[in-house]
Asker: 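Shown below is the structure under consideration.
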There are 2 protein chains.
Amino acid sequence: MTSARFITRNSGVAIWRQIADQIRGDISAGKLANGTRMPPEIEMATRFAVNRHTIRSAIAALTKEGVLRAEQGRGTFVANSKKLTYRIGQRTRFSQILSTQVRETRGILLAHRREEAPVDVAEALNMLSGEVIRIDTMHTADGNPVSCATAWFDAARVPNVAEDYRSSGSITFALKAAGIDDYLRKSTLIAARHAEAEELRHLKLSPGAIVLVATAINVDTEGHPIQYSKTRFAADRLEIAIDNDSAG
Amino acid sequence: MTSARFITRNSGVAIWRQIADQIRGDISAGKLANGTRMPPEIEMATRFAVNRHTIRSAIAALTKEGVLRAEQGRGTFVANSKKLTYRIGQRTRFSQILSTQVRETRGILLAHRREEAPVDVAEALNMLSGEVIRIDTMHTADGNPVSCATAWFDAARVPNVAEDYRSSGSITFALKAAGIDDYLRKSTLIAARHAEAEELRHLKLSPGAIVLVATAINVDTEGHPIQYSKTRFAADRLEIAIDNDSAG
DNA sequence: GTCGATTTGTGCGTATGTATT
DNA sequence: AAATACATACGCACAAATCGA
């Protein structure tokens with residue numbers, strides 16, 4: 001079905017997890033479509049050159065994640081598939097981007113506080129000093145968590161951003177309430193790392209999962225920075241597109 | 001020094017490896033600068049709430065990787081640091097992008113072959129059918145591997161792309177040799193996943209490491225697709241920037 | 001409906017790796 | 001350094017569910 005696989009022993013990563021990661025990768029890369037029947041456990045065991053129990057551990061982990069589904073006597077099937085695409089351009093709005101791909105999106109305020117601006121935040125927002133509003137949010141698409149984010153705003157400019165976000169679930173709305181009718185994406189930095197414990201919880205991921213981290217600066221129509229944010233996307237559910245035609 | 005840490009037990013990833021991954025992440029995220037002295041093993045052990053032996057396993061692994069350097073009686077120090085930034089815009093050239101950040105870059109041809117175009121390749125290159133040249137390359141910056149890539153070209157248009165790349169280590173040069181003086185980035189898709197065995201080998205990563213996957217289409221000045229590529233970047237050494245000001 | 005073949009689910013014994021004390 | 005506990009991986013055997021002949 002797919003190409004030969006390789007396992008590294010004594011690497012600190014259990015063999016069952018390496019196998020689970022490879023299978024999950026194949027599925028999210030589109031090599032294994034939704035509903036596809038996986039090879040029998042014994043065949044996979046010989047292919048990976050491991051014991052059948054080890055394959056079963058990998059399958060058990062992926063079943064728990066909801067990626068695979070095993071049926072006694074019938075086989076094991078791909079239960080999940082297809083990634084969302086998050087298209088980044090100058091006008092980047094969470095719900096609008098996903099609106100053609102899912103039925104509904106939701107933004108939830110997890111926490112908020114007023115704080116002295118950390119150095120990177122102050123630099124990004126072009127503030128010499130002063131207080132910022134920090135909000136921690138998470139976002140779901142059709143009920144599935146896809147991302148969580150931390151965003152900072154100049155407290156002097158948008159003092160009620162947290163309350164306005166809580167009631168609407170929308171940054172666009174919260175900024176409108178502060179008199180900012182439009183905003184544009186100035187820059188985006190993309191990195192990837194393993195999810196931290198809190199992210200695992202919010203995004204319902206399992207240890208070892210990957211998050212795409214988008215660090216963004218949004219500016220108003222006059223080019224003044226109004227928002228600095230770090231959004232963590234579940235990398236197995238979503239990919240980021242950059243369309244150079246429409247980006248500029 | 002840095003924030004509190006979290007460890008997940010029975011996740012299939014050994015605790016020493018989770019700790020090693022976190023420390024490596026902190027270093028490449030810039031939280032721990034080059035040459036910084038790490039806290040004593042006992043202090044780290046209490047902070048992570050694990051035994052000192054476990055910390056020592058993590059340090060031993062990072063020392064083997066060349067990320068840390070332990071000196072008996074003095075302490076453990078950061079031997080490595082700072083991520084590269086790969087800036088994606090309309091005119092995306094590997095060596096040029098990194099030229100301000102490193103002394104030298106190199107492109108190495110790993111393999112090449114002529115093949116019938118797979119469906120996604122044919123679609124991206126706007127070919128109904130026909131043969132493509134596929135080249136597998138890897139790229140180093142100051143001798144350190146940062147990425148490996150697979151690229152496809154229309155065999156009718158650039159028949160000698162593999163040989164020209166081999167001699168020059170440059171896509172720009174290889175396309176010039178085929179009469180294509182300029183090309184632009186049309187679209188880029190960014191995803192993240194665990195590195196596969198071959199990538200671990202080429203990029204000198206350890207199991208569980210993350211790669212950023214950039215799937216790109218380059219077009220000539222008339223807008224005809226000429227190159228379809230999938231580049232895998234070592235996520236702990238590099239991040240991707242999208243500058244919306246200059247992207248369009 | 002029965003039978004055999006296939007496939008997943010379960011149990012047990014053993015050896016090694018991991019983590020703590 | 002050693003003793004302990006548990007997780008991981010293997011090998012063998014058998015039970016339970018599914019499917020087609």
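The chains referred to below are lettered A, B, ... by the order of the sequence lines, with proteins before strands, and numbering in each begins at 1.
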Asker: Return the value, rounded to whole Å, for the distance between atom CD1 of A:I59 and atom P of C:dT10.
Answerer: 13 Å

Asker: Check this one for me: any side-chain N or O of A:S57 less than 4.0 Å away from OP1 or OP2 of D:dT8?
Answerer: no

Asker: Test of understanding: with ring-ring contact (aromatic ring centres under 6.0 Å, His included), list the residues that count as partners of B:Y165, not counting sequence neighbours.
Answerer: none

Asker: Tell me the partner of D:dA1, counting only Watson-Crick (N1-N3 plus N6-O4 or O6-N4) or G-U wobble (N1-O2 and O6-N3) with both under 3.5 Å; none if nothing fits.
Answerer: none

Asker: Between D:dC10 and A:R9, is there an OP1 or OP2 to side-chain N/O distance shorter than 4.0 Å?
Answerer: yes

Asker: Would you say D:dC10 has OP1 or OP2 under 4.0 Å from some side-chain N or O of A:T54?
Answerer: yes

Asker: Determine, for B:E199 against B:R201, whether the closest basic-nitrogen to carboxylate-oxygen distance falls under 4.0 angstrom.
Answerer: no

Asker: Start with the C-alpha gap between A:L125 and A:V132, add the side-chain angles, then the distance that decides, and say whether side chain to side chain contact (heavy atoms under 4.5 Å, CB included) holds.
Answerer: CA-CA 10 Å; A:L125 292 179; A:V132 287; 4.0 Å; yes

Asker: Is A:K31 salt-bridged to B:E196, cutoff N-O under 4.0 Å?
Answerer: yes

Asker: Answer yes when B:E239 and B:R87 have at least one side-chain N-carboxylate O distance shorter than 4.0 Å, and no when they do not.
Answerer: no

Asker: Donor-acceptor check, side chain of A:Q101 to backbone of A:T85, threshold 3.5 angstrom: yes or no?
Answerer: yes

Asker: CD1 of B:I19 versus C1' of C:dT18: gap in Å, rounded?
Answerer: 12 Å

Asker: Going 5' to 3' along nucleotides 11-21 of chain D, which nucleotides have protein heavy atoms under 4.0 Å from the base (write B), which only from the sugar-phosphate (write S), and which from neither (write -)?
Answerer: BBB--BBBS--

Asker: Rounded to the nearest angstrom, tell me the gap between atom CD in A:E41 and atom P in C:dT10.
Answerer: 11 Å

Asker: To the nearest Å, give me how far apart CH2 (A:W16) and C1' (C:dG17) are.
Answerer: 15 Å

